[in-house]
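So the structure is just underneath, and the comments pick up after that.
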Amino acid sequence: MTGDPDLTAARRAADVEALSSADVDVVVVGGGVTGAGVALDAAARGLSVALLERADLAAGTSRWSSKLVHGGLRYLAHGEVGLARESARERAVLMRSTAPHLVRALPFLVPDAAGRDVSAVGALGGRLGDAVRKSVRGGRGSLPGTRRVGPAEVARLTPAVVPGRGGAVFWDGQLTDDARLVVALARTAAAHGARVLTGARVTGVDGGEVTAVVDGAPLTVRAGAVVNATGVWAQALAPGIRLAPSRGSHLVVRAGRLGEPVAALTVPLPGSRSRYVFALPQPGGLVYLGLTDEPVPGPVPDDDPVPSDAEVAQLLDTVNRVLAVPLTRDDVVGAYAGLRPLVLPESAGTGPGDATADLSRKHLLRWDGPVLSVVGGKLTTYRAIAEETVDAVVARLGRGARRSPTARLPLVGAAPPDALARVAAPARLVARYGTEAPRVAALGPEPVVAGRPETVGELRFGVLAEGARSVADLLDRRVRLGLVPEDRAAAVPAAQSALGPQVAQGSAGR
């Protein structure tokens with residue numbers, strides 16, 4: 001780490017003042033995983049960088065993922081071997097080098113209760129994934145191998161499954177939290193000199209001049225290049241890009257309802273061999289049930305999407321095929337949805353009936369004057385996408401290091417597993433903050449909500465070091481209590497207290 005990563009209020013004010021009078025090499029528009037990754041890569045190569053985000057870090061699609069760092073099994077099913085190898089390589093980079101504190105190995109169980117032919121296909125896919133993993137740098141030994149398990153192991157891994165039958169287990173990576181990854185990227189970029197501004201809505205780009213509104217005041221920033229990393233909203237800066245957004249939805253249930261599972265239950269959608277519903281156990285006593293893939297026609301809304309009734313029914317009906325006691329809608333304590341910015345091929349149709357599930361997850365890089373749009377891709381491959389993006393910027397500007405250092409650059413809080421095991425703080429905090437966990441623990445161990453593990457210290461750290469400026473920043477993105485509305489409502493007073501005088505800057509909304 002080369003400098004201070006903390007996104008303090010004083011630093012934000014200084015950055016606003018500096019940007020009003022100084023040119024920068026790169027303005028990155030969008031504070032999701034792609035934008036934060038680009039800002040870090042560019043700053044680490046010696047370029048001057050400003051990241052402008054209209055709301056908050058991870059306020060859009062990046063916080064609505066399945067929280068997986070996956071090796072691309074689905075890509076193999078579609079014959080996209082190159083994309084699967086890239087995913088496996090980037091998973092190994094995250095697990096071994098850049099963010100070992102934020103990623104853990106997670107077993108996935110395909111139970112025979114879904115059909116012995118189904119678990120056989122799952123085992124075959126797992127072994128293919130193992131072969132791909134072993135073929136990439138850092139992949140060998142990063143995860144256990146695929147294997148068959150008996151009824152007793154099924155009952156241990158996923159107690160709620162119909163008893164008496166075995167299954168197949170393969171392994172993948174799981175993020176502690178997707179929004180925490182984005183915050184770590186942005187803070188690491190700040191440590192390398194990037195100016196990170198949330199609450200900065202870009203209103204236009206004219207040549208290399210970027211106009212924005214920050215806290216109600218106009219700001220103009222001059223840049224050599226502008227990177228459009230706004231995801232499903234990319235067409236606002238690049239109207240020529242053709243997107244086919246799709247909605248991916250999840251339901252949230254208490255882990256106790258499923259017997260406190262330790263493996264991700266994996267059940268194929270009826271009639272499909274490549275699309276699955278997962279019951280994903282989370283740190284903190286919740287399980288996320290997902291994932292759907294529904295086309296979203298029409299203009300992209302600014303508000304957060306919500307799952308449809310049909311998606312809720314599809315998720316419940318699919319997982320209930322293998323549960324001893326079916327889930328009902330009364331078991332659902334929360335739900336969330338995100339929009340994937342899928343790039344539409346030039347030959348594709350645009351009608352509402354076109355299937356987004358079959359569109360490639362490859363990303364697009366496209367120059368429009370000084371604006372380079374980067375759209376598509378997956379959370380797992382954010383670093384590779386950012387590297388390719390900054391390669392293009394460096395080539396255009398004629399300055400900056402030609403090679404990216406980010407494959408070996410630890411994010412703030414990262415350390416090897418043996419060092420993390422020695423951090424003097426609760427294991428849950430180490431899994432979220434890494435080597436910074438003692439700082440968080442010292443700010444207050446009291447729970448924010450009775451029965452939940454989130455602490456007052458986490459809220460205070462979000463304000464003091466992570467750029468949180470509102471109740472929504474804290475509860476919906478720094479500690480994720482917002483995933484369960486009942487818990488969120490109970491946590492609002494604690495969030496307001498942590499913000500102190502700053503609470504006037506934000507609200508309990510977005």
Flag if over 12 foreign heavy atoms under 6.0 Å of CZ, R140:
no
Mind running side chain to side chain contact (heavy atoms under 4.5 Å, CB included) on L47 and V394 for me, showing each step along the way?
CA-CA 9 Å; L47 297 175; V394 167; 4.1 Å; yes
Could you tell me the separation between the CD atom of Q235 and the CG atom of N228, rounded to the nearest 0.5 Å?
10.0 Å
For R366 and G240 the tightest heavy-atom approach is NH1-O, 3.3 Å
Does R104 have more than 12 heavy atoms from other residues, nucleotides or ligands lying within 6.0 Å of its CZ?
yes
Side chains of V253 and L289: closer than 4.5 Å at any heavy-atom pair?
no
Tell me if a side-chain donor or acceptor on T230 pairs with a main-chain N or O of G30 at a distance below 3.5 Å.
no
Counting N and O atoms only, with roles assigned by atom type, does the side chain of S404 sit under 3.5 Å from a partner on the main chain of E387, one being a donor and the other an acceptor?
no
Step by step, would you call V412 with E436 a side chain to side chain contact (heavy atoms under 4.5 Å, CB included)?
CA-CA 8 Å; V412 60; E436 292 190 308; 3.6 Å; yes
Check R133 with D130, please: is the shortest side-chain N to carboxylate O separation under 4.0 Å?
yes
Check D304 with R63, please: is the shortest side-chain N to carboxylate O separation under 4.0 Å?
yes
Examine the side chains of S142 and R91 and answer whether a donor and an acceptor come within less than 3.5 Å of each other.
no
How about D25 and L397: do any of their side-chain heavy atoms sit closer than 4.5 Å?
yes
Could you tell me whether the side chain of V267 reaches within less than 4.5 Å of the side chain of R321, counting heavy atoms only?
yes
Among V29, V374, L365, V390, find the residue that satisfies the side chain to side chain contact (heavy atoms under 4.5 Å, CB included) test when tested with V227.
V374
Between the main-chain N or O of A392 and the side-chain N or O of R396, is there a donor-acceptor pair closer than 3.5 Å?
no
How far apart are the C-alpha atoms of V375 and L243, what are their side-chain angles, what is the distance that settles it, and do they pass the side chain to side chain contact (heavy atoms under 4.5 Å, CB included) test?
CA-CA 9 Å; V375 189; L243 296 179; 3.4 Å; yes
Between G122 and F170, what is the shortest heavy-atom contact and its length?
O-CD2, 4.2 Å
Any heavy-atom pair between the side chains of T188 and H192 that's under 4.5 Å?
yes
Would D41 and R45 pass as an ion pair if we require N to O under 4.0 Å?
yes
Will you find, in the side chains of S119 and D112, an N or O donor that is under 3.5 Å from an N or O acceptor?
yes
So, S246 versus R340: side-chain donor-acceptor pair below 3.5 Å or not?
yes
Taking every non-hydrogen atom, the tightest pair across V262 and P281:
C-CG, 4.0 Å
How long is the span from the CG atom in L379 to the CG atom in D178, to the nearest 0.5 Å?
6.5 Å
Contact summary for A255 and V287, nearest pair of heavy atoms:
CA-CG2, 3.8 Å
Using a 4.5 Å cut-off on heavy atoms from C-beta on, say whether the side chain of V26 contacts that of V28.
yes
Counting C-beta onward and ignoring hydrogens, is there a side-chain heavy-atom pair between E458 and E466 closer than 4.5 Å?
no
Distance-only side-chain donor-acceptor flag, R383 / T406, under 3.5 Å:
yes
Checking the side chain of D368 only, and the main-chain atoms of V371 only, is there a donor and an acceptor separated by less than 3.5 Å?
no
Looking at E80 and R85, does any basic side-chain N land under 4.0 Å from a carboxylate oxygen?
no
Looking at R54 and D302, is any side-chain nitrogen of the basic one under 4.0 Å from a carboxylate oxygen of the acidic one?
yes
Find out whether D56 and R478 are in side-chain contact, i.e. whether some heavy atom of one side chain is under 4.5 Å from a heavy atom of the other.
yes
Apply the test ring-ring contact (aromatic ring centres under 6.0 Å, His included) to residues Y288 and F278: give CA-CA distance (whole Å), side-chain angles for both, the deciding distance (0.1 Å), then the verdict.
CA-CA 8 Å; Y288 300 157; F278 303 105; over 10 Å; no
Say whether E90 and T381, considering side chains only, have a donor N or O and an acceptor N or O under 3.5 Å apart.
no
Taken to the nearest 0.5 Å, the spacing of R89 CZ from S135 OG works out to 10.5 Å
How long is the gap from CG on L258 to CG on L323, to the nearest 0.5 Å?
6.0 Å
Give a yes or no answer on whether the side chain of D331 reaches the backbone of L327 with a donor-acceptor pair at less than 3.5 Å.
no
Heavy-atom pair with the smallest gap, counting every atom of V132 and A88
CG1-CB, 4.0 Å
Before you tell me yes or no, could you show the steps for L185 and Y382 under side chain to side chain contact (heavy atoms under 4.5 Å, CB included), namely the whole-Å CA-CA distance, both residues' side-chain angles and the distance that decides it to 0.1 Å?
CA-CA 11 Å; L185 285 166; Y382 82 87; 3.5 Å; yes
Just checking Y75 against H70, ring centres under 6.0 Å apart?
yes
Ion pair R477/D177, N-O distance below 4.0 Å
no
Sub-3.5 Å donor-acceptor pair from the side chain of S308 to the main-chain atoms of V306, do we have one?
no
With distance as the sole criterion, is a donor-acceptor pair present between the side chains of E53 and T198 under 3.5 Å?
no
Using side chain to side chain contact (heavy atoms under 4.5 Å, CB included) as the criterion, point out the one residue from M95, R96, K67 that pairs with V103.
M95
Tell me whether T146 contacts the main-chain N or O of G126 through its side chain, where contact means a donor paired with an acceptor under 3.5 Å.
yes
For a quick test of reading the model, state the closest non-hydrogen atom pair linking L51 to G31 and the distance between them.
CD2-CA, 3.9 Å
Dump the intermediate steps for salt bridge (charged side-chain N to carboxylate O under 4.0 Å, His left out) on E153 and R147, then the final yes or no.
CA-CA 11 Å; E153 183 71 353; R147 61 191 174 94; 3.4 Å; yes
Under 3.5 Å: donor-acceptor pair, side chain of T292, backbone of S249:
yes
Let me confirm one number: the CD-CG distance from Q314 to L251, rounded to the nearest 0.5 Å.
10.0 Å
OG1 of T158 to CG of L109: how many Å apart, nearest 0.5 Å?
4.5 Å
Crowding at CZ, R403 (>12 non-hydrogen neighbours, <6.0 Å):
no
Going by heavy atoms in the side chains, are L7 and R187 under 4.5 Å from each other?
yes
